[in-house]
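Keep in mind that what you see is a predicted model, and the values were worked out from it rather than measured. Residues: numbered from 1 along the sequence shown.
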Amino acid sequence: MLDHLIRRATVVDGTGAPAYVADVGIRDGRIALIDRTPGAVKAGGRVGGRGRTEEWADGLVLAPGFVDPHTHYDAQLFWDPLASPSTSHGVTTVVGGNCGFTLAPLQPDRPADGDYTRRMMSRVEGMSLAALEEGVPWTWSGFGDYLDALEGRIAVNAGFMVGHCALRRYVMGPDAVGGTPDDRQLRRMVALLRDSMEAGAWGLSTTQSGSHIDGDGRPVASRHALVDELLALARAVGAHEGTQLEAIVDGCLDRLSPQEADLLVELSALARRPLNWNVLTVDSAVPDRVPHQLAPSARARAAGGRVVALTLPVLAPMNMSLGTFCALHLIPGWGEVLGLPLQERMRKLREPGVRAELLRRATGPEAGVYRRLTDFARYVVGDTYTKENDGLTGRDIAGIAAERGTDPFGTLVDICLADDLRTVLWPTPTDDDPASWELRRQAWEHEDVLLGGSDAGAHLDRMCGASYPTRFLADCLRGRKLVPLERAVQMLSDEPARLFGLRDRGRIAEGHHADLVLFDPERVDATPPALVRDLPGDGARLDSRALGVVSVRVNGAEIMRYDVATGELPGRVLRSGRDTETVATG
């Protein structure tokens, strides 16, 4: 007897093979039956299995659960076992601990380290400080303790890299920011990484990106690491089964420098482990960017490594603000003004000379990839907070400026000043043209490009990238139709599962774990993001609900039904070596 039987589903199995109609049965958390003669009857009864519970899925697509390779659910899972909204959109496995940032290991005899970590995560990953303080127990020391704290209380499968910043802080204390480890400290750091991987960490994540600043406004700890330190840690990763590397450098968003490309190649080749980075930006205005960014991948394969670029298959808009930290702070010259205390910042923004200098810096070549954010006439006004701005929500700055007879940037600043800089601003994407989408389609065909980069769990009030699976499926089925459904599902499930070496996940096959999503191909999609207040401490985040997703199952148990949680918590903490296998490189 099967635990559950899904009858007459259109199975898209994750391999890229053509869809077929079948009955799919689940027993003990795994797929126990795939009957391609669904509904057939013979004398004495029905061919195939019977289930304790059954459902008919005529006209619905059954796909493997999706794997999100780049999230920051490390903290959120403690107050939200569903990792919402990712699970609503069919995600059954999330990868956390990215960009060098993890909540563990944590020195038990230095309480200040916990405070530092909370403030750093609040600044660098846009997490609510109140939620971090009130919603996370902070009871662990080693990385294994952290994983144990999640075991048995999550609805989604979750695996975690160990963050370089946490390793440095544990060993070096406050000297992790600005300091260089001596030989003894480096040996301790390597041993701590090994202990973390023995406990189940998937490998090492690190950042060298200038955009990563801690709660004190200083470069985060891993940015102070020299190459020898990074290589020593990479060598340790290569000694443990089923591990990976993840790295962020300044050039990830725009153009990798020769030194950055060399570093990524050397780390992967030395460890003999895949290294992924985030995120490949595709824009027809810069057509040579993609080949430039993917050149290190070919070099890595020749050297015995593998360097993989993550890229989103949808445009995930991120809102901007002059009142709180966002990407605008990263434009050269802007951080000095936007980082001032509120009243002083507002005084500066009223000065014509300051506005002129900000606009000059934003539109000049030094802005680099952030020039994508500086067509201020195309910004759309989001939430406003004063009577003076009534009626502006949903309107673009160009139209408002034309009515007022003012320049677009000045108009935007005036609107924000009227709200004491609380106004929410939405840049209109500049890379939504047919040529950019064709470049994306071509990039997806590259063997070292992987869909991902949602940042789900981070930048909570700025963006909502977690909905990318359902939005991508909707676009493939009823929109641009850049790839067929079978290929889209493969890109969302099997390909990330294979990159991370997940055992028996990513496909619908007998014996595989029953991580499954059942959806209506006529309706699958996502709602636009909306601000909700459901974080510990009454914090706000952007949420996007799924449309047309009938059911999501993790390890055989249903966790979502028509976008409503069932209360089941069947998720597992996936540990390296046990739940992952080593992936060949080169």
Side-chain angles (χ1 to χ4, degrees), residues 70 98-100 161 164-165 168 180 186 203-213 219-238 244-311 327 330-333 361 364-372 431 439-440 442-443 445-450 452-453 499 585-586:
H70 189 105
N98 287 294
C99 301
M161 313 291 281
H164 191 179
C165 290
R168 265 188 152 244
T180 299
L186 182 55
L204 175 77
S205 71
T206 187
T207 179
Q208 301 288 304
S209 172
S211 65
H212 288 156
I213 304 295
V220 297
S222 65
R223 288 179 56 193
H224 302 276
L226 302 179
V227 171
D228 285 349
E229 176 182 333
L230 291 164
L231 295 178
L233 294 171
R235 190 176 295 110
V237 170
Q244 303 273 322
L245 292 162
E246 189 262 355
I248 305 294
V249 296
D250 264 338
C252 284
L253 290 178
D254 190 9
R255 291 177 181 275
L256 297 168
S257 71
Q259 295 78 15
E260 290 170 336
D262 289 346
L263 177 63
L264 298 184
V265 171
E266 189 172 7
L267 290 173
S268 178
L270 178 64
R272 287 295 194 270
R273 294 292 187 271
L275 178 152
N276 74 80
W277 60 270
N278 186 48
V279 59
L280 177 65
T281 305
V282 183
D283 189 340
S284 63
V286 193
D288 64 333
R289 178 186 289 140
V290 171
H292 175 89
Q293 296 294 76
L294 296 182
S297 297
R299 290 177 49 204
R301 284 185 176 271
R306 187 181 179 198
V307 172
V308 176
L310 304 188
T311 191
L330 305 177
I331 299 172
R361 301 289 292 272
E366 62 188 314
V369 72
Y370 298 108
R371 289 183 67 183
R372 300 170 68 245
D431 50 357
L439 285 178
R440 289 188 183 95
Q442 294 174 20
E445 295 177 354
H446 193 283
E447 61 184 347
D448 291 317
V449 171
L450 183 75
L499 176 69
T585 57

**Student:** Quick one: list whatever passes salt bridge (charged side-chain N to carboxylate O under 4.0 Å, His left out) with R440, sequence neighbours left out.
**Tutor:** D431
**Student:** Please enumerate all residues that pass side chain to side chain contact (heavy atoms under 4.5 Å, CB included) together with S284, with sequence neighbours excluded.
**Tutor:** D433, A435, S436, L439
**Student:** With rounding to the nearest 0.5 Å, note down the distance linking CG in L270 to CG in L275.
**Tutor:** 11.5 Å
**Student:** Is there side-chain contact between N278 and N98, with heavy atoms separated by less than 4.5 Å?
**Tutor:** no
**Student:** So, R223 side chain and H212 main chain: donor-acceptor pair closer than 3.5 Å or not?
**Tutor:** yes
**Student:** Is the shortest heavy-atom distance from the side chain of H70 to the side chain of C99 under 4.5 Å?
**Tutor:** yes
**Student:** Closest heavy-atom contact between A367 and I331?
**Tutor:** CB-CG2, 4.3 Å
**Student:** So, using side chain to side chain donor-acceptor pair (under 3.5 Å) as the criterion, who are the partners of H224 when residues are at least two apart?
**Tutor:** none
**Student:** With sequence neighbours left out, what residues match T206 under side chain to side chain donor-acceptor pair (under 3.5 Å)?
**Tutor:** H164
**Student:** When you compare the side chain of N276 with that of P274, does any pair of heavy atoms fall below 4.5 Å?
**Tutor:** no
**Student:** Please find the pair of heavy atoms, one from V308 and one from L499, that lie closest to each other, and give the distance.
**Tutor:** CG2-CD1, 3.9 Å
**Student:** Which residues satisfy the side chain to side chain contact (heavy atoms under 4.5 Å, CB included) test with Q259, sequence neighbours excluded?
**Tutor:** S257
**Student:** How far does CD of E260 sit from CZ of R255, to the nearest 0.5 angstrom?
**Tutor:** 12.5 Å
**Student:** So how far is it from E229 CD to S222 OG, rounded to the nearest 0.5 Å?
**Tutor:** 8.5 Å
**Student:** Residues in salt bridge (charged side-chain N to carboxylate O under 4.0 Å, His left out) with R273, at least two apart?
**Tutor:** none
**Student:** Is the shortest side-chain heavy-atom distance between L267 and L231 below 4.5 Å?
**Tutor:** yes
**Student:** From I248 CD1 over to S205 OG, what is the distance, rounded to the nearest 0.5 angstrom?
**Tutor:** 8.5 Å
**Student:** Taking salt bridge (charged side-chain N to carboxylate O under 4.0 Å, His left out) as the definition, give me every residue that meets it alongside E266, ordered by chain and number, with sequence neighbours left out.
**Tutor:** none
**Student:** Please identify each residue that fulfils ring pair (Phe, Tyr, Trp, His ring centres under 6.0 Å) with H446, with sequence neighbours left out.
**Tutor:** none
**Student:** Taking side chain as C-beta onward, heavy atoms only, is Q442 less than 4.5 Å from V290?
**Tutor:** no
**Student:** According to side chain to side chain donor-acceptor pair (under 3.5 Å), who are the partners of R371, at least two apart in sequence or on a separate chain?
**Tutor:** none
**Student:** Measure the spacing between OG1 of T585 and CZ of R272 and express it to the nearest 0.5 Å.
**Tutor:** 6.0 Å
**Student:** Answer whether the closest heavy-atom distance between the side chains of I213 and V220 falls below 4.5 Å.
**Tutor:** no
**Student:** Is W277 close to P296 at the side-chain level, that is, under 4.5 Å between some pair of heavy atoms?
**Tutor:** no
**Student:** Could you list the residues that satisfy side chain to side chain donor-acceptor pair (under 3.5 Å) with S297, not counting sequence neighbours?
**Tutor:** none
**Student:** What is the minimum heavy-atom distance between G305 and S268, and which atoms define it?
**Tutor:** CA-OG, 3.3 Å
**Student:** Side-chain donor-acceptor pair under 3.5 Å between S209 and T207, yes or no?
**Tutor:** no
**Student:** Using atom types as modelled and distance alone, determine if a side-chain donor or acceptor of Q293 lies under 3.5 Å from a backbone N or O of G251.
**Tutor:** yes
**Student:** Show me the pairs that pass side chain to side chain donor-acceptor pair (under 3.5 Å) and involve residues 245-254, at least two apart or across chains.
**Tutor:** D254-R289
**Student:** Taking only residues two or more places apart in sequence or in another chain, which ones pass side chain to side chain contact (heavy atoms under 4.5 Å, CB included) with R301?
**Tutor:** R306, E447, D448
